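This structure is a prediction, so every number in the text was calculated from the model and none was measured.
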Amino acid sequence: MHVIILGSAAGGGVPQWNCGCPNCTAARRDRRSRTQSSVAVSADGQRWVLLNASPDLRTQLAQNRALWPRGARGSPVEAVVLTDGEIDHTLGLLLLRESAVRLPVYAPAGVTALLADEWPLYRVLSAYSGVEPRALEEGQPAALTDRAGVPLGLCCAATAVARRPPRYAHGTPAGTFDVGLRIEDEQSGGVLAYVPTAGTVDDAVRRTAREADLLLFDGTFWSDDELRAAGAEAPTAREMGHLPVGGPGGSLALLPGIGAKQTVLVHINNTNPILAPGSPERAQVEAAGIVVGEDSMEFEL
Ligand code: MLT
Ligand code: MN
Ligand code: ZN
């Protein structure tokens, strides 16, 4: 399985348009940026699946050669899998509206309900290329298929992770809002565990990550009060459903025991000090054998 981290940042990206924190300031000065959260996977290197659809999808598709059109028109993107209904994981669907065919979008039931109603992407897109909603049912691993229904050689299992619904969701339809994915290459046996948002390391996360060749895990915040310390009116990391990386009970203490062969942090917020090379927090992550994800990082599983 080929895996590309398309975007390693959390919502807002780096730099975030209205943020003057040290990381955003350095990113503007050095013209280095990180795009918002998304991953691409493929078994055959020809047909690709996006894991979440980032607001920066246009840039991401342009920057990664594997995702360029093969001919005069068309795209190797065959399907999208959504882990949640957050804006930073779904807005990119709007950017695919020029598609000639309906785009298959796998999502948990709660997310499909949100995108048909409170965040009405599917309704809006129906006037353009449209999407073909496909169910991602918990406890029922699915063989992902391309636009024509041909198997992609990837089996995807979704497990609900502990998190609240998105902030815009008021009607709270029934169903799961947030899942971790365990994707297995049916030929190589390689396993990717993708958990970009997690409020805790519990049995659901452990089941998703067990013996995975690669775990891509929620690296949003270093500390619980990070956003407030950066001057933003905001809830804590835990209130937002993101387990902090540092501190007592943080993911840095828990992830090394989880059984994944390699762990890389993704969905990293611009305020997170692990983004600063040379910071003590970055050194702690590296000392634990965990990698700070970067845009365009590639893996073969
Ligand atoms: C999250 O990951 O908690 C959300 O994407 C936050 C947001 O609204 O940007
Ligand atoms: Mn997010
Ligand atoms: Zn910032």
May I have the list of side-chain donor-acceptor pairs in residues 146-156 shorter than 3.5 Å, sequence neighbours left out?
unit_1 : atom_1 : unit_2 : atom_2 : d
Asp146 : OD1    : Ala148 : N      : 2.9
Asp146 : OD1    : Gly149 : N      : 3.0
Asp146 : OD1    : Val150 : N      : 2.8
Asp146 : OD2    : Arg47  : NH1    : 2.9
Arg147 : NE     : Glu78  : OE1    : 3.1
Arg147 : NH2    : Ser75  : O      : 2.9
Arg147 : NH2    : Glu78  : OE2    : 3.3

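- Remark: side-chain polar atoms of Asn64 are not paired, donor with acceptor, to backbone N or O of Ser296 under 3.5 angstrom.
- The number of heavy atoms from other shown groups lying within 6.0 Å of CZ (Arg164) is above 12.
- Applying the side-chain hydrogen bond (donor to acceptor under 3.5 Å, both in side chains) rule to pairs touching residues 253-265 yields Asp213-Lys261, sequence neighbours excluded.
- Residue pairs that meet the salt bridge (Lys or Arg N to Asp or Glu O under 4.0 Å) test with at least one member in residues 98-116, sequence neighbours left out, do not exist here.
- Here the side chain of Thr208 pairs no donor or acceptor atom with the backbone of Leu181 at under 3.5 angstrom.
- Remark: Arg32 engages Asp30 in a salt bridge (charged side-chain N to carboxylate O under 4.0 Å, His left out) (not counting sequence neighbours).
- Grouping Ile, Leu, Val, Met, Phe, Trp and Tyr residues whose side-chain heavy atoms lie under 4.5 Å apart, directly or via other members, places Val161 in a hydrophobic cluster with Val14, Val195, Val201, Val205, Leu215, Phe217, Trp222, Leu243, Val245, Leu252, Leu254, Leu255, Ile258, Leu265, Ile268, Ile274, Leu275, Val285, Ile290, Val292.
- With sequence neighbours excluded, the residues satisfying ring pair (Phe, Tyr, Trp, His ring centres under 6.0 Å) with His242 are Phe221, His267.
- The hydrophobic cluster containing Leu144 also contains Val3, counting ILVMFWY residues as joined when their side-chain heavy atoms lie under 4.5 angstrom apart, directly or transitively.
- At most 12 non-hydrogen atoms from other residues, nucleotides or ligands lie less than 6.0 angstrom from CZ of Arg73.
- Counting only residues at least two apart or in different chains, salt bridge (Lys or Arg N to Asp or Glu O under 4.0 Å) contacts with residues 240-258 are absent.
- Side-chain polar atoms of Thr35 and Asp295 form a donor-acceptor pair below 3.5 angstrom.
- Residue pairs satisfying the salt bridge (Lys or Arg N to Asp or Glu O under 4.0 Å) criterion with at least one member in residues 264-280, sequence neighbours excluded, are absent.
- Judged as a salt bridge (charged side-chain N to carboxylate O under 4.0 Å, His left out), and not counting sequence neighbours, the contacts of Glu132 are Arg134.
- If you chain together hydrophobic residues whose side chains sit under 4.5 Å apart, Leu121 and Tyr168 fall into the same group.
- The backbone N or O of Gly12 lies less than 3.5 Å from no partner atom in the side chain of Asp88, so there is not a single donor-acceptor pair.
- Closest approach of Pro55 to Leu95, counting heavy atoms only: O-CD1, 3.5 Å.
- The closest donor-acceptor contact from the side chain of Asp224 to the backbone of Arg238 lies under 3.5 Å.
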- Walk me through it: do Thr236 and Asp225 pass the test side chain to side chain donor-acceptor pair (under 3.5 Å)? CA-CA 5 Å; Thr236 66; Asp225 65 347; over 6 Å; no

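- For Glu286, the salt bridge (charged side-chain N to carboxylate O under 4.0 Å, His left out) criterion is met by Arg282, not counting sequence neighbours.
- A salt bridge (Lys or Arg N to Asp or Glu O under 4.0 Å) check over residues 34-43, counting only residues at least two apart or in different chains, returns the pairs Arg34-Glu294.
- In this structure, the salt bridge (charged side-chain N to carboxylate O under 4.0 Å, His left out) partners of Arg163, at least two apart in sequence or on a different chain, are Glu86, Asp178.
- Counting heavy-atom neighbours within 6.0 Å of Tyr128 OH, excluding the residue itself, gives a total of 12 or less.
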